[in-house]
Structures are given as C-alpha cells and as structure tokens.
Amino acid sequence: MKNTQWTSSQLKQSFLDFWKSKGHTIIRNASLLPENDPSALFTSAGMHPLVSYLMGTPHESGNTKLANIQRCLRTGDIEEVGVTRRHLTFFEMAGNWSLNDYFKKEAINWSFEYLTSKEWLGLDPARLYATVFRGDDDASKDEDSIQIWKDVFNTVGIGANVVDLPEDSDTIEHISCYSKKENWWGPVSKTGPCGPDTEIFYDTGAQHDPAFGKYCHPNCDCGRFIEIWNNVFMEFFKNDAGQYEKAPLKNVDTGLGIERVILILQYKDNDGNVDKRLTIFSTDLFESLSKILVNYFFDNTLTQPLDIYLSEKNIPEPDQIAIKVIIEHTRAAAMVLSEHIEPSNKDRGYVLRRLLRRAMRNMMKLADTYAPTKKQKLDELLGTLLEDIITQYGNEYPELTKEKEAILSLAHTEFKKFEQALQRGSTLFMNTIPEKLNGELAFDLYQSYGFPFELTQEMAAERGITISTVDFEKAKQLHQEVSRKGMEKKFAGGLGDKSPQSVMYHTLTHLLHKSLRDIFGQDIHQQGSNITPERLRFDINIKERLTDEQIKEVENRINGWIAEKLPVTRDEVSAEEADRRGALAFFSEKYGSTVTVYTIGSPDSPVSIERCMGPHVTNTGDIQGTFKITKQEKIGANLLRIKGQLV
Ligand code: SER
C-alpha cells in the first residue's frame, strides 16, 4: 500500500533541484543552536538563521534567491506528538526565500508548479486548497494573493471560489480567508518585518469529524486537510507604536513540511485519498525505528505501515501514542545531543532531559504491559534506537556520526539518573502524609525528580487517594517550564532558582532593558540574560560601551523606579493581546495561544511590559538595595554585556 516511487531523501533532493532550476542558491542547513540569536534555545523555523538577511544584510552568496532544508525544534506542541497525525518536536523544514527579489506572483506560481507538475511532485491540483489573509484594521485583505490563486487554479481548469468565513460555510472552496491568527507571520520580535501569508493544504479525502466543528474547512483540526506549505509575504514592518507600516523591503519566506509531504506522497491512493489512520509515523523517516519497537514490545516483524499494524493489532490508543512518542523523542534527542548539549535542569539541557525522560517513561510503561521480562534492559533498547538514528541520518548530519560515542554514553547516563530519580521520588512519596498527596506534590515530584505525573497518580490511587489532572495542571501553570509555547524563548535565571535575590534581579532586568531602550531608542533589544542570586548579566545590541554619564543615567532611572514602589502585575493573555499591549518579546508566537506578560507600573501607562515567565517581585519597592552597573564588556561587534548588582 506504500507508494515506493518516493523516499524522503528523494523529496528533499527534488525540492532543492526545483529551486536551483529557478535560480536559487542552496544554502547550508544551519545548526540547531541559533548562532546569532542568544535569546532563543533552538532554531525554530527555516527563516530563523536568516533574519539578518531578511532585514537587509546582503547574503554572502551574492544571490537574492535562497533555498534549503533546515532542521528545526519546537517543543510547544510536545503533548500533541503521537496524538495527531502531524505533530513533531524535531522536524525538517524546506524553504525558499526572496530577499527583496521576486514576490507573490512568482512565489505562488512556483509553489503550485512544484506541487502539481508531473516533472516534480505531481499532486492533483483539485486536492490543493489555499488560505489567505482576510484583512483587519491593521492591514487590508490580501487581494493580490487571491487573484493570483484564482489565475493559477484557472490554468488547470479549476474555477476557484473564495470563501470569507470558511468556519461557517457549508461548502469548501479552493481559496479561504482567515484572520491574523492563521494567515499572518511575524515579526520575530516586537518590531520588524512581517506580513500576510498564504498556506497550502492537501485534502486527504477523509470524512469530516463533527467533533471538531459543524463544517469542515482547511484549518479544521479533524485531520482531513493537512497544511503542507506556508508562503509568507513580508511586506509590512511593525513599528514601536504597534502599527503596521509598508516595509521598505519585500521578502518571501516559505516553509514546506518534509514529513507531511512525504506522508502524502507515500500513501495517496490512485484517487489521491490518504487513509485516515496513517500518520507521519508510517513514513520511511520512522520505518526502521518502528521495526525495532514492534519487534521489542510485540515480538513481531513489522511488514505493514506502523499505524495500520497498531490499528489491526488493536493496540490501545495510549500505547499507540507511547510508541510514537518514543520514536519521535529519541530522534529529536539524538539531534540535540549531537550539538554538544547535555541533559540538565536548565535551558537547552532541560529540553533535552524532557525529551529523553518522556521517551524513557513511555518505554517503561510499554514494558510493564508487553515485555515485563525485558524491563531491566530498556537502556539497551534506548542505545539501539539511537544507533539506528545515527546510521539513518549520519550522512545528512555528520555530527551524529562524529558524536556517536558521546550521544550513546550521555543517553545511558541519563537513563540511570532517571531510574535513580524514580527511586528517590518514590521514597519522598511514601514518606508524605496522605493530606499532602495533591497536585502540588505531584508537580514537585515531576519538576524536581522528573517523576511522571501518571505514576504519582497511580501510586496515590493505591493509597486510596485521587490526584486530579486539573490540580496538577494548575500547579504546573503556576511554575511553567522552560520551553512552553511556541518559540523556545530563553529567559533569565533558568528553572528552579526562585531565591528572593534572584527574583529581584529578574525584575531589575526588565527595568534595565527599559532604561537602555529609553536612552538608546527602540531598535535595541535584549539579546541574552543570565541571573544568579549575586548579580544580573544582560546582553544587548549596543555597539559602544556606555559612557560614565550613561551609566549614571541608567542607574538613576532604575533606582527612581524602585523608590516609586511601582506595582508589578502578571497576566496570562493571548499572544495577540500581548502584542496589542505592546509587550516586548523575542518571537511572535504564531503557534502559541496563551503567554505570560509582566507589567511594571500602572497598566494604563506602564514603565515596562514584557512577555516573560518570571518570577518577579510584586512591587518594585520590594527590591532591597541600590542598583549599580558593576561591569561592561564588548562580546561582539554589536553586542554589549552588562553586569549589575544590588549594593
Ligand atoms: N516562517 C514561516 C513558518 O515557520 C515560513 O517558513 O511557517
């Protein structure tokens, strides 16, 4: 049932060949660790390593047309992995870029050509559905793209209609209009280039599931439509006042999901339908990992697509998800380990730990049910999976082969640590009085020992106590983890350090950011931050060291705000609302829903408003002492590091 004419490697090569034939330079697949963006943990989109070129720096190739395949990591949707047919943490994004070169007409026509031409992917045009920006107070409806799409569909004899409110429409049209939430990208920070996008969906022909809404439409989550390509038209610039101005440069930024497209190519039948049971986990990208797991847990040789096998074997859904989580997280963890990151409780190391431990926990769970005699050997299974990933991806990502020993040994050590944590967590649990066995304790165990919540729940149940998921989630929300939604924002201090001194430095960091922007203008932004109970450290894109007068001015402003005893408030709002309020942030969160915003001063005319996970003091008057800049250091051509202390 699998179409053998396409492999994922062939798809990647064909994408690059296509763009080369259109005059593009193929650029390297940059590291998973952003080189020029200390504010982000991982490369999260193909455009991420290209921001400076999109802002106007000429590309070193001399070309204004670029393309590549970029490895990316986003953990915002980690809970969706294995649950939906398309979610991943690590993925490969194929992209093409126009640096103020071609624009909407060429971009849309070429995307369509690549997807439908028999010479390239040969998808049936009738299966393709485009979405466009419907317009709002900030920017008008993307009529250009609508017209281009109509013309494009016309060339293949499809009279494409436009629907303005697809969610309320009982017909599905080839061109659907949506709001900013669906059809707008950027800016990557509070200000900068951004614009409407047009997304291309493939209709898999699946029956609509009314649980997801009365009518089906391209952005419906029922699984019928799969988004395969996003074309962003960066024709706007969001300024400091939150207004959208016409941008000086008109760029195109696109992203095509390799895993999703290969699912379609490998599994569409002669009519173009894709069996609803099939997910990206049935593609060749995950085939050998699937074989290892099916053999290990079910003692079977996998000869069918993974999803069909699991479904026909009547494996319960949670166990099906567990298999996919193991596959996905070990692949993502191998990629992170190959970049010299080690599991830890901070930043990138924490993301890695979470991926590995989620994979390990699911292995243990499956072993309990399906392979109890092999439970002691699960670290060997982890090693086998990692070796397989290294073999499969070693050519494309030579770091994997180079770091093989380190990857295997770090994963092994982490496995042992996790086992110990489970032991220690169990002891703490047993010594806790029944009244204290609640969501908060479950979260503590989870946070401090990596202790799986489900396990706490099970053990509590054995003592006749119910711990509700809602209570656990509440406790979790209060403490939010490092990489919550969207764009992997690195924030000051890391996890765990909530000493009163560090909390004061968190708030001081916002005040320092604000005072520097007041003095140097709104084009400067925090580039990195690190907090200990002794000091704050702050990196910012300022070219020269501060003069003595500027240092005085910064200190005076900050100490003035401390003396004013300003309230500090924390709000959970939508990403759009945060933008509306002008909250500073490193990345727009297209895929995120709720974000945390800290406001210092009165909400009507705040001194500072930033997206941040905190924690912060509740009033600047709680900051004990006088703030002083103790050191400054140039750490890059346009990067100044400032250290400050309370004295
Ligand atoms: N930056 C856009 C995205 O991530 C297009 O690549 O969807």
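Counting starts at 1 for both ligands and their atoms, following the listed order. From a predicted model like this one, the values you see are computed outputs, not experimental measurements.
Across Arg74, Glu227, Gln70, heavy-atom proximity to atom 4 (O) of ligand 1 is greatest for Arg74.
For Asp151, the side chain to side chain donor-acceptor pair (under 3.5 Å) criterion is met by Gln147, not counting sequence neighbours. The side chain to side chain donor-acceptor pair (under 3.5 Å) test applied to Glu60 returns Tyr53, not counting sequence neighbours.
In this structure, Met234 has no heavy atom closer than 4.0 Å to ligand 1. At a 4.0 Å cut-off, not a single heavy atom of His48 sits close enough to ligand 1 to count as contact.
Close approach of ligand 1 to Met47 (heavy-atom distance below 4.0 Å) involves ligand atoms 1 (N). Annotation for ligand 1: atoms under 4.0 Å from non-hydrogen atoms of Met93 are 4 (O), 6 (O). Counting the atoms of ligand 1 from 1 in the order shown, those under 4.0 Å from a heavy atom of Val232 are 2 (C), 5 (C). Atom numbering of ligand 1 starts at 1 in the shown order; those under 4.0 Å from a heavy atom of Ala45 are 4 (O). Distances below 4.0 Å separate heavy atoms of Asp253 from the following atoms of ligand 1: 1 (N), 2 (C), 5 (C), 6 (O).
Between His217 and Tyr178, the angle of the ring planes lies from 30° to 60°, which puts this pair in the tilted group. Relative ring orientation between Phe153 and His174 is described as tilted, the plane-to-plane angle lying within the 30° to 60° band. Aromatic ring pairs are classed by plane angle as parallel below 30°, tilted from 30° to 60° and perpendicular above 60°; the pair Trp149 and Phe112 is perpendicular.
Between Asp209 and Arg224 there is no salt bridge, since no side-chain nitrogen of the basic residue lies less than 4.0 Å from a carboxylate oxygen of the acidic one.
Listed for the Arg517 side chain is a donor-acceptor partner under 3.5 Å among the backbone atoms of Gln522.
If you look at Asp197 next to ligand 1, there are no close heavy atoms at all, none under 4.0 Å.
At least one N/O-N/O distance between Gly255 and ligand 1 falls below 3.5 Å.
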